[in-house]
Amino acid sequence: MMVGMGAVCTTLIAGVEAVRKGLAKPIGSLTQMGTIRLGKRTDANSPLMRDFLPLAKLDDLVFTGWDIFGGNLYDAAKTAEVLDKETLEKIRPYLESIEPMPAAFDQHYVKRLTGTRIKSGKNKRDLAEQLRKDIQEFKKKTDRQVVIWTGSTEIFLSPTAVHQTLAAFEKGMENDDPGIAPSQLYAWAALTEGIPFINGAPNLTVDIPAMNELSRKMNAPICGRDFKTGQTLIKSVLAPAFKARMLGVSGWFSTNILGNRDGEVLDDPSSFKTKEESKLGLLDLILQPELYPDLYKNIFHKVRINYYPPRGDSKEGWDNIDIFGWLGYPMQLKVDFLCRDSILAAPLALDLCLFMDLAARTPSLKGLGIQEWLSFYFKAPDSAPGVYPEHDLFIQSMKMKNTLRHIMGEDLITHLGLDYYGG
Ligand SMILES: NC(=O)c1ccc[n+]([C@@H]2O[C@H](COP(=O)([O-])OP(=O)(O)OC[C@H]3O[C@@H](n4cnc5c(N)ncnc54)[C@H](O)[C@@H]3O)[C@@H](O)[C@H]2O)c1
């Protein structure tokens, strides 16, 4: 169940259908193309993840969702201008068969959008109950469900008293508390129905004690926020490399041009602030200036996103990185990533749906609330209170694979490897 059926959502659904029809390969998806090593390197045993794990099969996936705009997904995919006409025509009847349900929306939280198909209700609680009904209807037609937010970035919100406990949150919905954004109504509805909730945007949504409480109470997993797709993915690869070699960083300037609807929404300063916070957090957490003051204490880190319609979904992200080495001598690195936003995001959304469904069926994971092992996919990973989140892509990857081994009762891999040498 996808909240927000725009570029990422239609690229995911069209892509799954294209793969099912044998028209293309699911590139970028670990669940479909990744392998996992089991046992020792000499065992030569690296099955595909989808053969090793009891994941839902692509053929069994059924999609539905909500949006503030009407029309079917063929039209939505055409508007998004991610996939070419030829691909879309081949799967047109399937895409035409899916239409979003009316949304819970309030323009206060996404200033640049004016909705046309919106639920009305006497208060936020009423809207959330309507979303629960939508979920209950979908439950009648399907075995298991996952809700994923692929909706727009909402305005920046900081946690307040209403977010601290489930009781305060539920009262807040009745009182139309301004601290409760529409994304949180979907999250509350999903978790209350015992369904995992994934947040692809940087919104606060489930990163509050009240949602953590609800998630644990209902055995309905939650995870981090904001898909780690383009510039931040590269950042979480390069920064660990500098740290691993004890190279200093004095400045990191990241700028983007982007012309899709997401770019238009982010052109509003209050939505951009939400994104900016999510993109800025990781450098300090990876580089740990408190441990390495000589190397990372004075980093100047700046992130910019510029709405530039001619580029559509084809984002260009530049990074200028000022680093220094032996005896403090300065060097520079420039990265120019000409990427495609939704092409990078769609496989992440797919993997997260399949992995969160698996987590909800795993006795040792489902009652934990936050699924930290899925940090791999997020710009702002979530972690237990008092534990700093892990941003280094390679640590995240190891953690995820070890969790998958744990789920299946396999030995964890420590990479110690002394036994190959008689140790
Ligand atoms: N690489 C990426 O594409 C990427 C990476 C990280 C995060 N994201 C985030 O994913 C989200 C989706 O990106 P996109 O490019 O698909 O954007 P999009 O604008 O194409 O689609 C978002 C959709 O959400 C809908 N929407 C907004 N509020 C809603 C509500 N309350 N209920 C239901 N629908 C609602 C909008 O009408 C729109 O159709 C954005 O928040 C974006 O920041 C994208």
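Reckoned from all heavy atoms, side chains included, excluding hydrogens, waters and symmetry mates. Remember, it's 1-based here, ligands and their atoms both numbered in the order they're listed.
Using a 4.0 Å cut-off between charged nitrogen and carboxylate oxygen, Glu129 and Lys133 do not count as a salt-bridge pair. Taking the charged nitrogens against the carboxylate oxygens, Asp262 and Lys315 have no contact shorter than 4.0 Å, which rules out a salt bridge.
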I'd like a table of donor-acceptor pairs (distance under 3.5 Å, sequence neighbours excluded) in which one partner is a side-chain atom from residues 24-35, with atom names and distances.
| unit_1 | atom_1 | unit_2 | atom_2 | d |
| --- | --- | --- | --- | --- |
| Ser29 | OG | Thr31 | N | 3.4 |
| Ser29 | OG | Thr31 | OG1 | 3.0 |
| Ser29 | OG | Gln32 | N | 3.1 |
| Ser29 | OG | Asp351 | OD1 | 2.7 |
| Thr31 | OG1 | Asp351 | OD1 | 2.6 |

Expected list for residues 243-251: side-chain donor-acceptor pairs under 3.5 angstrom, two or more places apart:
| unit_1 | atom_1 | unit_2 | atom_2 | d |
| --- | --- | --- | --- | --- |
| Lys243 | NZ | Ile286 | O | 2.8 |
| Lys243 | NZ | Gln288 | OE1 | 2.7 |
| Ser250 | OG | Asp322 | O | 3.4 |

Close N/O pairs between ligand 1 and protein, under 3.5 Å:
| unit_1 | atom_1 | unit_2 | atom_2 | d |
| --- | --- | --- | --- | --- |
| ligand 1 | 1 (N) | Thr229 | OG1 | 3.0 |
| ligand 1 | 1 (N) | Asp341 | O | 2.9 |
| ligand 1 | 1 (N) | Asp341 | OD1 | 3.0 |
| ligand 1 | 3 (O) | Asp341 | O | 3.4 |
| ligand 1 | 3 (O) | Asp341 | OD2 | 3.4 |
| ligand 1 | 16 (O) | Ala7 | N | 3.2 |
| ligand 1 | 16 (O) | Val8 | N | 2.8 |
| ligand 1 | 20 (O) | Ala7 | N | 2.8 |
| ligand 1 | 24 (O) | Ser152 | N | 3.4 |
| ligand 1 | 31 (N) | Ala104 | O | 2.9 |
| ligand 1 | 32 (N) | Tyr186 | OH | 2.9 |
| ligand 1 | 37 (O) | Asp67 | OD1 | 2.7 |
| ligand 1 | 39 (O) | Asp67 | OD1 | 3.3 |
| ligand 1 | 39 (O) | Asp67 | OD2 | 2.7 |
| ligand 1 | 41 (O) | Gly151 | O | 2.7 |
| ligand 1 | 41 (O) | Thr153 | N | 3.2 |
| ligand 1 | 41 (O) | Thr153 | OG1 | 3.0 |
| ligand 1 | 43 (O) | Thr153 | OG1 | 3.0 |
| ligand 1 | 43 (O) | Asp262 | OD1 | 3.0 |
| ligand 1 | 43 (O) | Asp262 | OD2 | 3.3 |
| ligand 1 | 43 (O) | Lys275 | NZ | 2.9 |

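Counting heavy atoms of neighbouring residues, nucleotides and ligands inside a 6.0 Å radius, atom CD of Glu86 does not exceed 12 of them.
Legend: residues meeting ring-ring contact (aromatic ring centres under 6.0 Å, His included) with Tyr186, ordered by chain and number and at least two apart, are Trp66, Trp149.
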